[in-house]
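Encoded as structure tokens, the structure appears first; notes follow it.
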Amino acid sequence: MDKPHRVRWDGAVTAPDAVSDAALGAFEEHRSVLTGVAYRMLGRVADAEDVVQEAWLRWSGAAREDVRDPRGYLVRVTTRLAIDRLRRVQARREAYVGPWLPEPIATDYGPAVPDTAEQAVLADSVSLAVLVVLESLSPLERAVFVLREAFGFPFGEIAVTLDRSEASVRQLASRARRHVDERRPRFTVDPAEQRDLTERFLAAATGGSIGNLLELLAPDVRLVGDSGGKSKAPLRVIETADKVGRFLYAVAQQPLPGMEARFMEFNGRPGLLVLSGGRADTALSLEVADGRITTVYLVRNPDKLGGLAG
């Protein structure tokens with residue numbers, strides 16, 4: 001029996017002889033869109049990989065001669081699979097130990113997305129802050145938001161994908177957009193400014209004083225830590241500059257064995273990856289407004305860090 005393709009997050013695909021090069025080529029042409037949709041829907045690389053793999057199996061076994069629009073077909077299959085998986089994993093997340101954050105992914109669109117405006121849209125739609133807000137949407141609202149806001153699909157095409165009327169899709173889009181706008185950060189920060197503030201944050205936490213650190217924090221700053229119960233992190237959100245600053249300063253005074261802090265971009269934002277003995281230990285991302293830090297995201301669940309330490 002022929003073995004199916006195995007599609008990995010890094011894009012490697014192994015083709016069985018029974019599937020034509022044309023079928024493989026069509027799938028590869030649209031794979032980046034499929035993985036982008038799946039990740040934004042699910043917030044976890046392994047879940048996205050599974051959905052893309054299943055989409056390939058559906059595609060490789062389909063009567064492809066009847067498919068006039070491969071891209072539309074593949075996005076439709078991927079989106080429906082992602083909705084089904086999201087409904088299943090949401091129940092698991094209710095039993096998650098501590099706050100749940102999306103899995104951070106390295107993002108460097110570079111020449112693959114030459115248009116600055118398009119790159120900004122992609123980066124914003126994959127930011128931790130936006131993905132956290134998307135967790136509060138229904139699966140259908142999330143699908144509409146991702147397809148419309150991140151990838152610019154027309155309402156008519158989304159309606160076909162979700163097997164809904166265009167009018168209902170527009171209502172879902174309006175509701176999702178309003179919900180996200182009410183909760184997402186309202187300030188656009190230049191990446192150079194965010195990188196500078198991240199560097200100053202690291203210097204203040206590791207070599208400065210508690211006062212220097214507090215100066216960088218907004219009065220109502222929040223710290224959200226995700227460990228999944230597998231490493232040390234706050235089990236509740238920490239709020240106010242005083243509490244967040246003292247927590248971070250205390251942690252910084254207890255360096256990890258073989259600790260190294262590496263600046264990198266993940267989820268469309270400059271951030272810090274902290275390594276211990278060469279292994280990823282913590283991914284730190286900051287949300288910034290008016291020159292101060294408004295949110296600190298700490299991902300310490302080891303299951304979510306494997307893709308950042310390459």
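Because only heavy atoms are used, hydrogens play no part in the values below, and waters and symmetry mates are left out as well, while side chains stay in. Not measured: the values here are computed from a predicted model.
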- Quick one: side chain to side chain contact (heavy atoms under 4.5 Å, CB included) partners of D84, sequence neighbours excluded? R87, R88
- side chain to side chain contact (heavy atoms under 4.5 Å, CB included) partners for V160, two or more places apart: R76
- Assess the side chains of H179 and R175: does a donor N or O sit below 3.5 Å from an acceptor N or O? no
- Item | Whether T198 side chain and Q194 backbone form a donor-acceptor pair below 3.5 Å | yes
- Answer whether the closest heavy-atom distance between the side chains of E157 and R71 falls below 4.5 Å. yes
- Hey, does the side chain of R292 reach the backbone of L216 with a donor-acceptor pair shorter than 3.5 angstrom? no
- Task: For Y73, enumerate each residue passing the ring pair (Phe, Tyr, Trp, His ring centres under 6.0 Å) test, keeping only those at least two apart in sequence or located in another chain.
- Result: W59
- Message: According to salt bridge (Lys or Arg N to Asp or Glu O under 4.0 Å), who are the partners of E260, at least two apart in sequence or on a separate chain?
- Response: R262
- Item | Contact check, side chains of I83 and L162, non-hydrogen atoms, under 4.5 Å | yes
- For the residue pair V274 and L256, what are the closest heavy atoms and their distance? CG1-CD1, 4.1 Å
- Query: Do the numbers put R44 on top of the ring of Y39, so that NZ or CZ is under 6.0 Å from the six-membered ring centre and no more than 45° off the axis?
  - Reply: no
- Message: Counting C-beta onward and ignoring hydrogens, is there a side-chain heavy-atom pair between P99 and D226 closer than 4.5 Å?
- Response: no
- Message: Restricting to salt bridge (Lys or Arg N to Asp or Glu O under 4.0 Å), what partner residues turn up for R200, sequence neighbours left out?
- Response: D196
- Side chain proximity check, F27 to L34, heavy atoms < 4.5 angstrom: yes
- Closest heavy-atom pair, L202 versus A261, reported as atoms and distance to 0.1 Å, is CD2-CB, 4.0 Å
- ILVMFWY network linking F155 to V146, side-chain heavy atoms under 4.5 angstrom: yes
- Message: When you compare the side chain of T240 with that of V221, does any pair of heavy atoms fall below 4.5 Å?
- Response: no
Tabulate below the donor-acceptor pairs under 3.5 Å that side-chain atoms of residues 232-239 make, not counting sequence neighbours, or state none.
none

- Item | side-chain contact (heavy atoms from CB on, under 4.5 Å) assessment of V132 paired with Y297 | CA-CA 11 Å; V132 167; Y297 294 112; 4.3 Å; yes
- Below 4.5 Å, heavy atoms only, C-beta onward: do R222 and V244 meet side chain to side chain? no
- Task: Would you please name every residue forming a side-chain hydrogen bond (donor to acceptor under 3.5 Å, both in side chains) with R85, sequence neighbours left out?
- Result: D47
- The side-chain hydrogen bond (donor to acceptor under 3.5 Å, both in side chains) partners of N212 (sequence neighbours excluded) come to S209
- Close side-chain approach of L131 to N267, heavy-atom, < 4.5 Å: yes
- Might you work through the salt bridge (Lys or Arg N to Asp or Glu O under 4.0 Å) test for R93 and E135, ending with a clear yes or no? CA-CA 10 Å; R93 290 175 190 173; E135 284 294 305; 2.8 Å; yes
- Task: Carefully, step by step, assess L248 and L213 under the rule side-chain contact (heavy atoms from CB on, under 4.5 Å).
- Result: CA-CA 9 Å; L248 290 170; L213 182 58; 4.1 Å; yes
- Task: Return each pair, listed once, that meets salt bridge (charged side-chain N to carboxylate O under 4.0 Å, His left out) where at least one residue sits in residues 210-219; pairs must be two or more places apart or across chains.
- Result: none
- Minimal non-hydrogen separation, T79 against A143, with atom names: CG2-CB, 3.9 Å
- Item | Beyond-backbone contact of E54 with L57, side-chain heavy atoms, under 4.5 angstrom | yes
- Kindly work out whether a path of hydrophobic side-chain contacts (I/L/V/M/F/W/Y, heavy atoms less than 4.5 Å apart) joins V251 to L298. yes
- Could you pull out the closest heavy-atom pair between F266 and P104, with the gap in Å? CD1-CB, 3.8 Å
- Between S227 (side chain) and R300 (backbone), is there a donor-acceptor pair under 3.5 Å? no
- Task: Ignoring hydrogens and angles, tell me if any N or O in the side chain of T35 forms a donor-acceptor pair with the backbone of S32 under 3.5 Å.
- Result: yes
- Item | Verdict with supporting geometry, L147 and T161, side-chain contact (heavy atoms from CB on, under 4.5 Å) | CA-CA 10 Å; L147 294 175; T161 296; 4.2 Å; yes
- Evaluate the criterion salt bridge (Lys or Arg N to Asp or Glu O under 4.0 Å) for residue pair E265 and R269; output intermediate values, then yes/no. CA-CA 5 Å; E265 178 184 296; R269 300 285 192 273; over 6 Å; no
- Item | Partners meeting side chain to side chain contact (heavy atoms under 4.5 Å, CB included) with V180 (sequence neighbours left out) | V133, L134, L137, F145, R184
- Answer yes when E199 and R195 have at least one side-chain N-carboxylate O distance shorter than 4.0 Å, and no when they do not. yes
- Query: Excluding sequence neighbours, so at least two apart, what forms salt bridge (Lys or Arg N to Asp or Glu O under 4.0 Å) with K230?
  - Reply: D303
- Task: Could you list the residues that satisfy side chain to side chain contact (heavy atoms under 4.5 Å, CB included) with S138, not counting sequence neighbours?
- Result: L140, E141
- Task: Could you tell me whether a side-chain N or O of S276 sits under 3.5 Å from a main-chain N or O of R279, the two making a donor and an acceptor?
- Result: no
- Taking the side chain from R164 and the backbone from I158, do they hold a donor-acceptor pair closer than 3.5 Å? no
- Do F153 and R148 pass the side-chain contact (heavy atoms from CB on, under 4.5 Å) test, and can you show the C-alpha distance, the side-chain angles, and the key distance before you say yes or no? CA-CA 5 Å; F153 283 87; R148 180 65 181 174; 6.0 Å; no
- Task: Is it possible for you to say whether V67 and V33 belong to one hydrophobic cluster, with membership spreading through side-chain heavy-atom contacts below 4.5 Å?
- Result: yes
